Amino acid sequence: MNDLPEQEESLFDAPPLAEQERMVEAVLFASADPVTVNDLASRMPHGCNPKAALELLQRRYEGRGVRVVRVGDSWAIRTAPDLGFLMQKETVETRKLSRAAIETLAIIAYHQPCTRAEIEEIRGVSVSRGTLDQLMELDWIRFGRRRMSPGRPVTYVVTPHFLDHFGLESARDLPGVKELRAAGLLESRPLPGLDATDDDEDQDDLFEDES
Amino acid sequence: MNDLPEQEESLFDAPPLAEQERMVEAVLFASADPVTVNDLASRMPHGCNPKAALELLQRRYEGRGVRVVRVGDSWAIRTAPDLGFLMQKETVETRKLSRAAIETLAIIAYHQPCTRAEIEEIRGVSVSRGTLDQLMELDWIRFGRRRMSPGRPVTYVVTPHFLDHFGLESARDLPGVKELRAAGLLESRPLPGLDATDDDEDQDDLFEDES
Amino acid sequence: MADPDQFEINDVLSVEQRLAAEALIVDVDGFEGPLDLLLQLSRTQKVDLRKISVLHLAQQYLLFIEKAKELRIELAADYLVMAAWLAFLKSRLLLPPDPSDEGPSGEELAAHLAYQLQRLEAMRESAAKLMARDQKGRDFFVRGLPEEVERRRNITYTASLLDLMQAYARVRTKDEFRPFVMDREAILSMEQALERLRGLIPFAVEWADLSSYLPEGWELDPKKRRSATAATFAASLELAKQGQVELRQGGTFEPIQIKARRR
């Protein structure tokens, strides 16, 4: 579904970039959810370059009341955060998350793909089914690939919706992620005396869904 | 709720007009309904001039992909009318015609004008209304003259569009029973239900409505 | 209900003790497991977690557990498991290393515990930073008036001339089997059943057995009844698919019931 339309020889020239920028502007304004570049390309006339148009548009809205933001490989328009005080009417009351849920979410975000055993290892307590369910229901986490280790445990990863909610371009932009990695705090380090070689290869998997 | 805030002596100066324009932009963007000037004023800090800000904003969006428009006594952001085509997504699916439909079509093509009862007699099963409707919708068959027999049943004939689709000059070009047999499409045994003279007679009727 | 005398005695005897116990109870409830408790205890050392004295920490933890036991506070099993492990770790750290021992040294185990605490704290801080970010629906907002993207699905049906000829050949060849078609008297087609049911469903406001919808007379002859039942059942499925009726069955082999779906 997301395939780019075939690049046939177009009978017409693509519209000028300024016009393409208008089109991208219209589509992003019309959608509450982020729109993928592929989706933009499929809706715009042949030969358009939505990426270039997006960059132009993003610059145009710098400092304005709404901003053009990237969410994974999608784009959206969001109000500037400093104007949140104007939107009491639009504010959605969110259920307060438990401390367990917030920590579990952070662990998944920073360690993804991450198994339940790994979450428990980091927190030192078992993760209740309800915590993961709640995060799934919020559409902030989802199942990732199964780990190739014994038992083929299921992994969890964060969703584009999570990135959108917290205004992140990608999981690489999580606060402090570089420092944590440099300090070795995102490795899965086994208890000395326990053999856990199979965990090593998983680090390559980090942020698998973003390339 | 829509009352203007009381004009007290404000302790602070109103924000600069450019800032007010940002605020109006954010509110119009995020609001689920068009917003009145009073509503804007009640949301914005004391001493703001939403009307002036709106006018600035409206001018800023002139010629852009979206416009600031008046809806009654309220204001909203809407897609520029010339870009409405971007709000549609077209997908084309090709499906094979069902067996019932293709058989019905074949019978009409070879026997036109042909009543529903005749189609049913030849196929040996009843023909659903949906099948005929589908063929009509495809513009491959249409109503012919009513039969002068009791009940004056309606007849069906094929359309020029049908001939076009199948690359036929006329329905006379349809391969005859002999050719079908030669092509191995019919078993070579003589068919009891088929009377050659019968077919010839039908041919006269063919294209009654086309001249 | 409360006996005032007893209450007083109790009060006099152990004000201090009870306060301490209450504080502990509150704390044990507030901890998210032994690792969390250890992290909390390590804060009293007021040093960088990397330079923490694990031995000291183990002692604090064991003391805490002892006190809780004295006060008969129920401790979850994992607190006790951790206590046992820390007691083991303590002995390893205090005794000179045994060269014949193959397992990890006390220092290695202590370093790992310090790492676990660091990591937990790092995740705590990250979680707090994450939640402090601007959030959608609270700090920044999405388009309030999104426009529907109209999804137009163009279905084109195709058939080739060969399809057409084969179809015709098929129906013509079928003529040979005409005699079989003559037997169709005892057969109710699905189309017929569908047509019949369509006419009846507007009146099917109550649940009723599907068998009561068989055409009149068809329920007597077994052959006809079988065909009519099958066709009516198939037709009811079709109608259910179209959302016009609801079907239910109490259990396996129970009668199937049908009712028009209220819109």
Side-chain angles (χ1 to χ4, degrees), chain A residues 1-3 5-6 15-33 35-36 38-46 48 50 53-54 56-58 60-69 75-92, chain B residues 1-2 5 15-36 38-46 48 50 53-54 56-58 60-69 75-93:
Chain A
M1 287 281 238
N2 270 337
D3 289 340
E6 275 169 41
L17 198 55
E19 190 58 23
Q20 296 186 30
E21 192 196 327
R22 284 185 75 226
M23 294 178 185
V24 170
E25 187 177 35
V27 171
L28 291 194
F29 259 93
S31 174
D33 293 316
V35 183
T36 65
N38 278 351
D39 194 8
L40 279 169
S42 74
R43 279 157 74 176
M44 290 161 72
H46 258 297
C48 281
L54 276 165
L56 271 182
L57 192 71
Q58 189 173 35
R60 181 184 293 272
Y61 277 91
E62 258 165 34
R64 297 269 300 272
V66 295
R67 307 184 307 169
V68 177
V69 297
W75 294 78
I77 296 181
R78 302 285 181 245
T79 63
D82 66 307
L83 299 177
F85 70 94
L86 293 167
M87 313 302 166
Q88 298 99 321
K89 253 192 194 174
E90 283 73 31
T91 304
V92 265
Chain B
M1 287 282 228
N2 271 339
L17 198 56
E19 191 57 23
Q20 295 186 32
E21 190 196 329
R22 287 183 76 226
M23 294 178 185
V24 171
E25 186 176 36
V27 171
L28 289 193
F29 173 82
S31 178
D33 299 301
V35 187
T36 63
N38 277 352
D39 194 9
L40 279 171
S42 72
R43 287 183 186 216
M44 290 160 72
H46 259 299
C48 281
L54 261 170
L56 267 185
L57 192 70
Q58 190 173 29
R60 187 189 284 274
Y61 276 98
E62 254 165 37
R64 305 291 317 155
V66 293
R67 305 183 313 167
V68 175
V69 295
W75 293 82
I77 298 180
R78 291 280 157 83
T79 310
D82 64 312
L83 297 178
F85 70 94
L86 291 167
M87 302 303 133
Q88 306 179 336
K89 224 185 209 175
E90 281 195 35
T91 50
V92 179
E93 247 176 69

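Just so we're on the same page: letters track the sequence lines, and every chain starts at 1. Remember, it's a predicted structure, so these values are computed and weren't measured experimentally.
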Cation-pi between B/Arg64 and A/Tyr61: NZ/CZ under 6.0 Å from ring centre and within 45° of the ring axis? no
Rounded distance [0.5 Å steps], CD in A/Glu90 versus CZ in B/Arg43: 4.0 Å
From CZ (B/Phe29) to CZ (A/Arg67), nearest 0.5 Å: 11.5 Å
Between [options], who has the most heavy-atom pairs with chain A when the cutoff is under 4.5 Å?
options	value
B/Ala30, B/Ala80, B/Ala26, B/Pro45	B/Ala26
B/Val27, B/Ile77, B/Thr79	B/Val27
B/Leu57, B/Val24, B/Asp82	B/Asp82

What pair of heavy atoms forms the shortest contact from B/Val66 to A/Glu25, and how long is it? N-OE1, 4.1 Å
Are any of the side-chain heavy atoms of A/Met44 and B/Leu83 separated by less than 4.5 Å? no
Contacting moiety of A/Arg78, where chain B heavy atoms sit under 4.5 Å: backbone
Bottom line for A/Gln88: the part with an atom under 4.5 Å from chain B's heavy atoms is neither
Against chain A, label B/Leu86 side chain, backbone, both or neither, depending on which of its atoms sit under 4.5 Å from a heavy atom there. both
